[in-house]
Engineer: 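The structure is given below, and queries will be raised subsequently.
For this chain, numbers begin at 1 and follow the sequence in order.
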Amino acid sequence: MASNVNPTVRRRRLGQELRRLREQKGMTAEEVAERLLVSQSKISRLENGRRSISQRDVRDLCGVYDVEDQRMVDSLMEMAKDSRQQGWWHAFGDVPYSVYIGLETDAASLRVYDPQVIPGLLQTRPYAEALITGALPETASSDIDNRVQVRLRRQERITALENPLRLWTVLDEAALRRLVGNKLLMREQLESLVEQSQLPHVTVQVIPFEMGAHPGLNGQYAILEFPDAADSSVVYIEGVTSDLYLEKAQDVQKYSVMYEHLRAQALNVEQSRQFIADLAKEYAR
């Protein structure tokens with residue numbers, strides 16, 4: 001597999017093209033499912049990129065949609081082939097949020113709000129280890145180590161010399177005050193956060209308790225945007241047993257507006273950096 005082939009993004013782009021062909025044909029997902037003798041949920045999963053798609057599936061769908069351009073069929077078949085390859089994260093075993101990792105790997109920018117913990121892309125190794133161990137008490141140590149390794153590998157998007165990920169994170173004060181591990185670990189994590197916030201492509205803002213109620217009280221979410229205009233933005237909401245991905249324009253717009261309100265209510269960049277630095281000193285006592 002070529003190093004620049006991202007199977008998650010390939011599945012997503014392929015699904016978008018198949019949806020376009022279905023809509024152009026004027027068919028519903030239910031009608032397509034009936035023609036192919038499959039479930040409607042399978043057609044939906046293929047179109048939203050959450051499921052691997054075989055070349056046979058593409059061939060059958062192109063037949064249903066009366067696609068006569070063989071070059072288009074061949075292109076879609078090639079995308080299906082690429083989409084069944086494995087991303088770098090598969091080397092670490094069964095990663096529960098692999099779809100998100102695939103999207104993050106290809107994203108140009110990421111806006112994150114987290115009310116509870118430091119975002120994974122900005123975590124130190126000791127913080128990540130303590131956090132994952134505490135959050136998953138029944139998980140084997142080997143699985144915890146794999147999760148930590150994946151998290152550290154994801155951080156290469158931040159440290160990359162070329163085309164690093166543009167990261168904007170808004171943190172609730174609770175995420176900074178939650179004692180993960182011990183005070184020394186927390187001091188080092190916050191000091192690292194201050195250092196990372198000085199990178200030109202990383203912006204960190206804090207919403208202190210004194211700001212009271214704000215639009216982020218409903219919980220954590222992230223907004224991913226991509227360099228290719230053909231790839232629509234995605235809102236990612238992490239769950240315990242399953243995750244939610246919102247791609248409809250009105251949903252993305254709603255969360256984007258909410259994020260702008262969060263940024264407006266948060267301390268500015270310099271104030272946030274000083275706030276984090278002062279809190280790091282408190283952990284040193």
Side-chain angles (χ1 to χ4, degrees), residues 6-33 39-53 61 65 76 79 83 96-116 119-121 157 165-172 203 205 207 211-266:
N6 185 323
T8 302
V9 174
R10 284 288 192 274
R11 286 199 304 269
R12 188 164 176 256
R13 290 176 182 169
L14 178 56
Q16 290 172 341
E17 186 61 24
L18 292 173
R19 183 186 300 113
R20 185 189 67 79
L21 290 172
R22 174 177 61 76
E23 293 174 345
Q24 187 176 29
K25 187 67 176 176
M27 299 181 69
T28 66
E30 184 177 7
E31 290 171 337
V32 175
S39 67
Q40 181 180 344
S41 62
K42 175 179 178 178
I43 301 301
S44 297
R45 288 196 298 272
L46 293 179
E47 290 186 353
N48 64 26
R50 304 293 177 257
R51 168 189 177 128
S52 296
I53 181 168
L61 288 168
Y65 302 146
L76 295 176
M79 290 178 70
S83 74
Y97 54 104
S98 60
V99 171
Y100 171 78
I101 296 176
L103 294 174
E104 182 186 83
T105 298
D106 205 57
S109 68
L110 175 64
R111 287 174 285 170
V112 180
Y113 167 69
D114 207 315
Q116 299 291 344
L121 290 176
R157 286 300 320 279
L165 179 67
R166 175 68 177 93
L167 176 64
W168 198 307
T169 181
V170 176
L171 293 169
D172 193 282
T203 302
Q205 286 185 263
I207 298 183
M211 288 298 181
H214 57 75
L217 293 179
N218 288 327
Q220 181 270 352
Y221 69 94
I223 305 173
L224 302 102
E225 297 174 310
F226 303 89
D228 193 323
D231 297 321
S232 58
S233 298
V234 178
V235 175
Y236 169 70
I237 303 174
E238 185 177 359
V240 177
T241 58
S242 61
D243 300 328
L244 182 62
Y245 298 86
L246 305 176
E247 300 181 53
K248 292 182 179 180
Q250 59 266 36
D251 292 333
V252 174
Q253 176 66 12
K254 184 174 182 178
Y255 275 88
S256 295
V257 170
M258 187 163 63
Y259 201 84
E260 291 306 306
H261 282 289
L262 285 171
R263 288 172 51 184
Q265 289 186 239

Engineer: Is it true that the side chains of Arg22 and Thr28 contain a donor and an acceptor less than 3.5 Å apart?
Structural biologist: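 Note: Arg22 and Thr28 side chains miss the donor-acceptor criterion.
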
Engineer: Go through the steps to decide whether Phe226 and Val234 satisfy the test side-chain contact (heavy atoms from CB on, under 4.5 Å), and finish with yes or no.
Structural biologist: CA-CA 9 Å; Phe226 303 89; Val234 178; 4.0 Å; yes

Engineer: Closest heavy-atom contact between Pro215 and Met258?
Structural biologist: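 Distance-wise, the nearest heavy atoms are O-SD, 3.2 Å.
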
Engineer: Once side-chain hydrogen bond (donor to acceptor under 3.5 Å, both in side chains) is applied, what residue pairs with a partner in residues 216-225 remain, sequence neighbours excluded?
Structural biologist: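 Qualifying pairs, neighbours excluded: Ser109-Glu225, Arg111-Glu225.
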
Engineer: Measure the OG-CG distance between Ser256 and Asp251 for me, rounded to the nearest 0.5 Å.
Structural biologist: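 That separation rounds to 10.5 Å.
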
Engineer: Counting C-beta onward and ignoring hydrogens, is there a side-chain heavy-atom pair between Thr203 and Arg166 closer than 4.5 Å?
Structural biologist: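 They are in contact (side-chain heavy atoms under 4.5 Å apart), so the answer is yes.
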
Engineer: When rounded to the nearest 0.5 angstrom, what distance separates CG in Asp114 from CD in Glu238?
Structural biologist: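 If we round to the nearest 0.5 Å, Asp114:CG and Glu238:CD are 8.5 Å apart.
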
Engineer: Would you say the side chain of Leu121 lies within less than 4.5 Å of the side chain of Leu110, judging by non-hydrogen atoms?
Structural biologist: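 The answer is yes, as the side chains (C-beta and beyond) meet within the 4.5 Å cut-off.
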
Engineer: Which heavy atom of Ala266 sits nearest a heavy atom of Ile207, and at what distance?
Structural biologist: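 It is CB-CG1, 3.6 Å.
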
Engineer: Please report the interatomic distance CD1(Ile43) to CZ(Arg19), rounded to the nearest 0.5 Å.
Structural biologist: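 So the gap between those two atoms works out to 12.0 Å.
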
Engineer: Find out whether Arg263 and Val170 are in side-chain contact, i.e. whether some heavy atom of one side chain is under 4.5 Å from a heavy atom of the other.
Structural biologist: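 They are in contact (side-chain heavy atoms under 4.5 Å apart), so the answer is yes.
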
Engineer: Distance from Lys248 atom NZ to Ser232 atom OG, nearest 0.5 Å?
Structural biologist: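 Here the interatomic distance stands at 12.0 Å.
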
Engineer: Does the side chain of Tyr236 come within less than 4.5 Å of Leu224's, by heavy atoms?
Structural biologist: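 When only atoms from C-beta onward are counted, Tyr236 and Leu224 do touch, with a gap below 4.5 Å.
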
Engineer: Which atom pair, heavy atoms only, marks the closest approach of Tyr113 to His214?
Structural biologist: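 Between these two residues, the closest heavy atoms are OH-CE1, 3.0 Å.
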
Engineer: For Glu17, which residues count as a side-chain contact (heavy atoms from CB on, under 4.5 Å) partner, sequence neighbours excluded?
Structural biologist: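 Residues passing side-chain contact (heavy atoms from CB on, under 4.5 Å) with Glu17: Arg20, Leu21, Met72, Leu76.
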
Engineer: Side chains of Tyr259 and Val257: closer than 4.5 Å at any heavy-atom pair?
Structural biologist: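 No; the side chains remain at least 4.5 Å from each other.
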
Engineer: Considering all heavy atoms of both residues, which atom of Pro119 and which atom of Leu171 are nearest to each other, and what is their separation?
Structural biologist: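 In terms of heavy atoms, the two residues are closest at CD-CD2, 3.4 Å.
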
Engineer: Would you mind reporting whether Asp172 and Gln116 have side-chain heavy atoms less than 4.5 Å apart?
Structural biologist: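 SC-SC contact between Gln116 and Asp172 ruled out.
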
Engineer: To the nearest 0.5 angstrom, please state how far the CD1 atom of Ile101 sits from the CG atom of Asp106.
Structural biologist: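 Separation between the atoms: 14.0 Å.
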
Engineer: If you measure from CG on Leu14 to CD on Glu47, what distance do you get to the nearest 0.5 Å?
Structural biologist: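 Spacing of CG (Leu14) from CD (Glu47) equals 10.0 Å.
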
Engineer: Taking all non-hydrogen atoms of both residues, which atom of Pro227 and which atom of Ala107 are closest, and how far apart?
Structural biologist: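 Between these two residues, the closest heavy atoms are CD-C, 4.3 Å.
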
Engineer: If you take all heavy atoms of Leu246 and Tyr255, which pair is closest and at what distance?
Structural biologist: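 For Leu246 versus Tyr255, the nearest heavy atoms are CD1-CE1, 3.6 Å.
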
